J.: 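Below are the structure tokens for one structure; questions will follow.
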Amino acid sequence: MTTSRLIMICFLVVVITTSSGVSCKKEKKHHPRQVSGVPEPSMAPGIQGPPGVVGQVSGVPEPSMAPGIQGPPGVVGQVSGVPEPSMAPPPGIQGPPRPPVVTDVVFSVDGGQVLPNVPYYISFMSADYNMWICRMNPSSSDPKTCPHQPVMFTRPTIAPEPVMFILPPSTPDTVIRESTKLSIKFVNPSQCGESGVWRVANGEVVLGGVEGREDSLFRIHMTDSYYMFTIGESVYPDVYETSISLSNSAIGKDRLMANSGELEVLFFQHYPPEYNYY
């Protein structure tokens with residue numbers, strides 16, 4: 001055998017051996033590590049969940065609303081398409097209108113809301129003071145002495161005189177309010193011939209007034225625990241008109257004065273029997 005033929009045979013052997021090694025390496029495949037021959041969990045062949053749903057096992061979809069059943073839009077937390085209970089009334093059904101809040105109505109101690117044309121007794125502050133509005137002449141001890149005028153009598157020896165509150169004809173109210181101008185009138189007829197309507201003259205409350213006339217129109221205002229009378233118009237907002245006060249008589253017969261003081265009063269529909277006059 002010649003040298004050139006021997007070299008050719010060796011070359012062919014090397015080529016054949018190299019080709020067989022590459023082929024064997026290509027046939028080997030890498031498998032994940034398995035324990036005891038148990039394959040890792042996976043979805044069963046041929047069974048797939050709906051697209052976009054993660055964490056399903058064995059192709060069983062997670063709980064959800066039944067297909068085709070949906071609650072109304074915007075409502076959260078419904079189950080199986082059943083809307084949650086709501087307190088809202090059905091469309092088109094409304095409850096009765098709420099009455100307006102009443103804050104300025106005047107009240108009596110024993111009779112509720114103060115009404116027009118109803119007799120009321122007027123006491124100075126609490127009835128425990130035993131000071132009541134009477135109709136008399138403050139300068140005389142004889143109750144028949146004329147002229148008469150409203151007097152705050154301490155421990156009166158004559159019968160206290162009830163008054164009525166008269167609203168102007170144009171006022172639609174059926175109760176007495178702080179915001180309403182009104183006339184004050186003694187219930188019983190006068191023994192001296194003057195009208196029983198209160199009026200202010202020369203800074204003093206006297207009788208002989210006319211219902212609805214400017215000098216005979218008063219207002220009632222609430223203080224901390226009582227009421228007070230004013231007359232006239234206020235020049236500045238939230239400032240009372242001229243208030244009615246007492247003359248501070250030394251003999252317990254106080255005239256009603258129109259000045260800057262305050263006469264605090266309460267209203268009684270029935271005169272308290274424990275405060276009998278003498």
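For clarity, every value in this text was computed on a predicted model and none was experimentally measured.
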J.: Within the distance-only criterion (no hydrogens, no angle test), does the side chain of Arg177 pair as donor or acceptor with the backbone N or O of Val105 below 3.5 angstrom?
T.: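 Judged by distance alone, no pair lies under 3.5 Å.
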J.: With a 4.0 Å cut-off, would you call Arg213 and Asp215 a salt bridge?
T.: yes
J.: Do the ring planes of Phe218 and Phe229 sit parallel (below 30°), tilted (30 to 60°) or perpendicular (above 60°)?
T.: perpendicular
J.: Can you tell me if His148 uses its side chain to pair, donor with acceptor, with the backbone of Gly196 under 3.5 Å?
T.: no
J.: Taking Ser216 for its side chain and Ser183 for its backbone only, find out whether a donor-acceptor pair lies under 3.5 Å.
T.: no
J.: For Ser123 and Ser126, indicate whether the former's side chain and the latter's backbone hold a donor-acceptor pair under 3.5 Å.
T.: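 Pair absent, no side-chain N/O of Ser123 close to backbone of Ser126.
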J.: Measure from the side-chain N and O atoms of Lys185 to the backbone N and O of Asn117, and report whether any donor-acceptor pair falls under 3.5 Å.
T.: no
J.: Grouping I, L, V, M, F, W and Y whenever their side-chain heavy atoms are under 4.5 Å apart, do Val109 and Ile184 come out in a common cluster?
T.: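 Yes, same cluster.
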J.: Answer whether the closest heavy-atom distance between the side chains of Tyr129 and Thr154 falls below 4.5 Å.
T.: no
J.: Distance only, no hydrogens: is a donor on one side chain within 3.5 Å (strictly under) of an acceptor on the other, for Gln269 and Ser108?
T.: no
J.: ring-ring contact (aromatic ring centres under 6.0 Å, His included) with Phe267: which of Tyr226, Phe124, Phe165?
T.: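 Running ring-ring contact (aromatic ring centres under 6.0 Å, His included) over Tyr226, Phe124, Phe165 with Phe267 returns exactly one hit, Phe165.
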J.: Are any of the side-chain heavy atoms of Leu263 and Ser243 separated by less than 4.5 Å?
T.: no
J.: Has Thr171 got a side-chain atom pairing as donor or acceptor with Asp173's backbone, closer than 3.5 angstrom?
T.: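 Side chain of Thr171 to backbone of Asp173, a donor-acceptor pair under 3.5 Å: no, none is there.
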